[in-house]
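Read the structure below first, then the notes.
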Amino acid sequence: MPPPDPDAVRSPGRPRRTEVDRQIVEATQQLIREGGPATVSIAGVANRSGIARTTIYRRYRDREELLVAALQPVTEQGAPAADSTLEKKLDWVLERAEEVLANGIGLGGVAAVLADTDPAFSAALRRSLSAGLEPIHAQISADVDSGSLVEHADPDLLVDVLLGSYLSRVLRHGEPDRAWRSRTARLLGTLLAGQ
């Protein structure tokens with residue numbers, strides 16, 4: 001018989017309320033977006049959420065565990081529909097990049113990772129992104145196998161190109177618009193289809 005899952009074992013007491021979990025995660029996400037990860041502390045999240053620090057500590061051992069919990073829903077975006085055109089799949093990934101980078105962690109979070117001013121946040125984000133990108137990597141690999149993408153398309157490199165193009169657009173022109181996403185997806189789709 002396998003040992004019990006330590007995450008499933010709870011100490012005695014009142015049952016956890018999912019509403020409290022949601023408030024803690026949302027407060028953490030708001031702090032990251034508004035002031036960057038340096039503003040995230042257990043005390044700061046307690047102040048923002050109205051949840052007692054002791055309650056937060058019962059759920060998260062420390063700030064790093066709290067960051068991982070807050071970043072997971074931001075980075076778990078799934079994958080585009082398998083039956084979409086290549087152009088629509090690329091557009092979908094660019095739109096998700098905007099959701100994660102602009103609306104999820106904010107430019108303060110992006111800057112913190114680029115400058116590595118908060119190594120715990122950078123590590124938590126990279127870990128969350130790695131898990132969140134698995135469905136997209138799998139979709140790219142499936143598209144290579146089916147022949148709808150050029151055979152030498154590397155899933156990790158393609159994701160880097162898409163995220164990099166989004167960041168470049170923000171740096172050079174401000175927030176990208178729908179027309180930019182469509183043009184970028186069309187151009188990359190033509191190149192990646194190998195036609």
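- The side chain to side chain donor-acceptor pair (under 3.5 Å) test applied to Ser122 returns Asp116, not counting sequence neighbours.
- Between Gly189 and Leu86, the shortest heavy-atom distance links the atoms O-CD2, 3.6 Å.
- With values rounded to the nearest 0.5 angstrom, Asp83 atom CG is found 9.5 Å from Lys88 atom NZ.
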Just distance, no hydrogens or angles: give the donor-acceptor pairs under 3.5 Å from side chains in residues 134-144, sequence neighbours left out.
residue: His137; atom: NE2; partner: Asp156; partner atom: OD1; Å: 3.4
residue: Gln139; atom: NE2; partner: Asp143; partner atom: OD1; Å: 3.1
residue: Ser141; atom: OG; partner: His137; partner atom: O; Å: 3.1
residue: Asp143; atom: OD1; partner: Lys89; partner atom: NZ; Å: 2.8
residue: Asp143; atom: OD2; partner: Lys89; partner atom: NZ; Å: 2.9

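- Atoms CZ and CZ, from Arg126 and Phe121 in turn, are 10.0 Å apart once rounded to the nearest 0.5 Å.
- Residue pairs meeting the side-chain hydrogen bond (donor to acceptor under 3.5 Å, both in side chains) criterion with at least one partner in residues 27-45, sequence neighbours excluded, are Gln30-Arg48, Glu34-Arg48.
- Residues Leu162 and Leu94 approach most closely at O-CD2, 3.5 Å, considering heavy atoms.
- Legend: side-chain hydrogen bond (donor to acceptor under 3.5 Å, both in side chains) pairs involving residues 163-179, not counting sequence neighbours, sorted by first then second residue: Asp91-Arg178.
- From Leu71, atom CG reaches atom CD of Glu76 across 11.0 Å, with rounding to the nearest 0.5 Å.
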Steps toward side-chain contact (heavy atoms from CB on, under 4.5 Å) verdict (Tyr60, Ile24):
CA-CA 10 Å; Tyr60 308 102; Ile24 293 168; 3.7 Å; yes
side-chain contact (heavy atoms from CB on, under 4.5 Å) between Val93 and Leu158: does it pass, once the steps are laid out?
CA-CA 10 Å; Val93 174; Leu158 179 52; over 6 Å; no
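- Leu167 and Val161 fall within a single hydrophobic cluster, where Ile, Leu, Val, Met, Phe, Trp and Tyr are joined by side-chain heavy atoms under 4.5 Å apart, directly or via other members.
- Taken to the nearest 0.5 Å, the CG atom of Leu191 stands 11.5 Å off from the CG atom of Leu149.
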Would Leu188 and Thr184 count as a side-chain contact (heavy atoms from CB on, under 4.5 Å) if you check the C-alpha gap in whole Å, the side-chain angles of each, and the deciding distance to 0.1 Å?
CA-CA 6 Å; Leu188 288 173; Thr184 304; 3.9 Å; yes
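- Of all non-hydrogen atoms in Ser182 and Glu87, the two that sit nearest each other are O-OE2, 4.3 Å.
- Surrounding CZ of Arg53 are at most 12 heavy atoms belonging to other residues, nucleotides or ligands under 6.0 Å away.
- Linking Ile, Leu, Val, Met, Phe, Trp and Tyr whenever their side-chain heavy atoms come within less than 4.5 Å puts Leu114 and Leu163 in one cluster.
- Summarising the geometry of Ala124 relative to Val68, their closest heavy-atom pair is CB-CG2, 3.8 Å, with the distance given to 0.1 Å.
- The hydrophobic cluster containing Val170 also contains Val113, counting ILVMFWY residues as joined when their side-chain heavy atoms lie under 4.5 angstrom apart, directly or transitively.
- By the side-chain contact (heavy atoms from CB on, under 4.5 Å) test, Glu19 pairs with Arg22, Gln23, sequence neighbours left out.
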Let's go through Leu66 and Arg59 carefully: what are the C-alpha distance in whole Å and the side-chain angles of both, what is the deciding distance for side-chain contact (heavy atoms from CB on, under 4.5 Å) to 0.1 Å, and is it a yes or a no?
CA-CA 8 Å; Leu66 177 59; Arg59 286 161 166 77; over 6 Å; no
Can I get a per-line list of side-chain donor-acceptor pairs under 3.5 Å for residues 99-110, giving both atom names and the distance, sequence neighbours left out?
residue: Glu99; atom: OE1; partner: Arg96; partner atom: NE; Å: 3.4
residue: Glu99; atom: OE2; partner: Arg96; partner atom: NE; Å: 3.3
residue: Glu99; atom: OE2; partner: Arg96; partner atom: NH2; Å: 2.9

